[in-house]
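In what follows, a single structure is set out as structure tokens and then discussed.
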Amino acid sequence: MKDESKVIREQFPRSQNREHSVPLYLTSSFIFDDAEQCRAVFANEEEGIIYSRYSNPNTTEFIQKVCALEGAEAGLAFSSGMAAVFASFAALLKSGDHIVSSRAIFGSTHQLFTQLFSRWGITHTYVDAGKPEDWEKAVQDNTKMIFLETPSNPGLELVDLEWLGGFKKKYPHIILNIDNCFATPYLQKPVQYGFDLVSHSATKYMDGQGRVLGGVVVGKQELIDEMLFFIRHTGPAMSPFNAWVLSKSLETLPLRMDRHCSNALVIAELLEQQPEIELVRYPFLPSHPQYELAKRQMKQGGGVVTFVLKGGYEQAQRFMDSLKMILITSNLGDSRTIVTHPASTTHSKLSEEERVNLGILAGSIRISVGLEAIEDIQEDILQALRNSN
Ligand SMILES: *Cc1c(COP(=O)(O)O)cnc(C)c1O
């Protein structure tokens with residue numbers, strides 16, 4: 001089946017009620033026919049659902065859909081994207097281990113590396129994603145994991161997934177782990193390049209309507225089994241309600257992504273023609289330094305466009321305050337178009353030099369392009385550009 005069909009037809013087995021659409025299983029535990037069955041399920045001798053911290057029909061269905069899209073063997077669902085990303089490290093690494101990571105990663109993941117893992121004896125080295133020699137130099141004897149995001153937030157830099165898959169073959173014991181949230185498995189499938197783990201904030205495009213938090217990690221069966229021990233006993237489980245919402249949302253993920261991407265490309269092209277704007281970054285713009293790579297590893301360019309306004313922070317502020325329809329909020333991947341100013345918000349804790357390294361300038365604006373009529377998004381952006389000058 002094609003992706004568009006899998007997300008609709010992948011379904012938890014129907015109950016004796018013969019429901020068409022999968023119901024919400026709001027129950028913390030599940031019953032057994034007798035004491036012997038209970039013993040056998042606990043002993044893993046018989047399959048069965050025990051307790052919603054371990055698994056639940058709604059979370060199972062959500063996970064199966066993500067596995068089908070990613071082409072992954074198994075997966076686990078989490079209460080948030082950060083719970084998923086954290087578990088992908090904490091369940092598999094120990095004191096003394098080392099992580100090699102691309103420099104441009106989500107702010108909270110950076111905080112994990114620098115503030116928490118440093119306390120627990122897990123070290124990291126950041127590399128410039130586009131420089132192969134950087135990855136080579138960073139690997140140490142105790143390196144256990146390579147982690148990255150592509151496209152990065154908000155600079156929209158790419159990492160060559162095929163190259164990295166080949167690089168990893170030299171180090172079979174290193175786990176290759178990617179946060180695939182920006183691209184979604186509809187646009188980009190890291191497992192096909194040899195990635196071991198793929199994590200997601202389901203809060204973004206998977207929900208797509210700014211309602212619930214969620215996270216998911218999919219990948220190799222043996223790694224997911226090892227992670228299962230961690231989540232069973234630390235409890236970052238996704239709620240059945242959120243899983244039910246997210247599983248329904250996935251039914252429209254391909255349809256929504258097509259529209260996010262086509263709207264974003266139009267906005268990126270429009271912005272590139274405006275005299276008030278210094279630079280526009282979008283993976284599927286021919287002016288993107290990694291345009292060829294983007295075309296190779298992504299089906300479309302994604303829903304996020306980043307641009308730099310001439311005139312720095314004051315101009316960026318005036319532009320954002322002049323928008324009428326588009327609101328300022330820190331989410332992304334929503335049906336509503338969203339604008340943020342990374343330098344004063346998500347990346348304000350970094351030094352100016354660190355920000356410039358990530359391509360974040362005082363005049364940088366990130367737009368998560370929504371599903372509204374393209375004419376309305378265009379009109380709001382153009383009037384704000386004119387009225388803020
Ligand atoms: C939002 C986001 C996260 C964190 O997800 P939450 O669901 O907010 O916890 C992690 N990685 C990336 C790339 C994100 O955009």
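It should be emphasised that the depicted structure is a prediction, and the values quoted were computed from it without experimental measurement. In each ligand, atom 1 is the first atom listed, and ligand 1 is the first ligand listed.
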Going by the atom numbers of ligand 1, which of them fall below 4.0 Å from some non-hydrogen atom of Gly81?
-> 5 (O), 6 (P), 7 (O), 9 (O)
Salt bridge flag under 4.0 Å for residues Glu157 and Arg281 | no
Carboxylate-amine/guanidinium contact Arg318 Asp321, below 4.0 Å | no
Just say parallel, tilted or perpendicular for the rings of Phe113 and Phe147, cut-offs at 30° and 60°.
-> perpendicular
Minimum-distance protein heavy atom relative to atom 3 (C) of ligand 1 = Phe106 CE2, 3.4 Å
Side-chain ion pair, Glu379 and Lys324, N-O less than 4.0 Å = no
Atoms of ligand 1 less than 4.0 Å from Glu149 heavy atoms?
-> 13 (C)
If we only count N/O pairs under 3.5 Å, is Phe182 in contact with ligand 1?
-> no
Show which atoms of ligand 1 fall inside a sub-4.0 Å distance from at least one heavy-atom site of Ser80.
-> 7 (O), 9 (O)
Would you say Thr150's side chain and Val159's backbone share a donor-acceptor pair under 3.5 angstrom?
-> yes
Nearest-contact summary for atom 1 (C) of ligand 1 - protein heavy atom, Å = Lys204 NZ, 1.3 Å
N/O of Ser201 under 3.5 Å from N/O of ligand 1, yes or no?
-> yes
Can you find an N/O atom of Asn153 closer than 3.5 Å to an N/O atom of ligand 1?
-> no
Which of the ligand 1 atoms, numbered from 1, are nearer than 4.0 Å to a heavy atom of Met82 | 4 (C), 5 (O), 6 (P), 9 (O)
Which word best sums up how the rings of Phe284 and Tyr282 line up, parallel for under 30°, tilted for 30 to 60°, or perpendicular for over 60°?
-> perpendicular
Report yes or no: is the cationic atom of Lys204 (NZ for Lys, CZ for Arg) under 6.0 Å from the centre of the six-membered ring of Phe182, at an angle within 45° of the ring normal?
-> no
Cation-pi between Arg232 and Tyr54: NZ/CZ under 6.0 Å from ring centre and within 45° of the ring axis?
-> yes
Mark up the atoms of ligand 1 that fall under 4.0 Å of a heavy atom belonging to Asp179, in ascending order.
-> 10 (C), 11 (N), 12 (C), 13 (C)
Sub-4.0 Å atoms of ligand 1 with respect to non-hydrogen atoms of Thr203 = 6 (P), 7 (O)
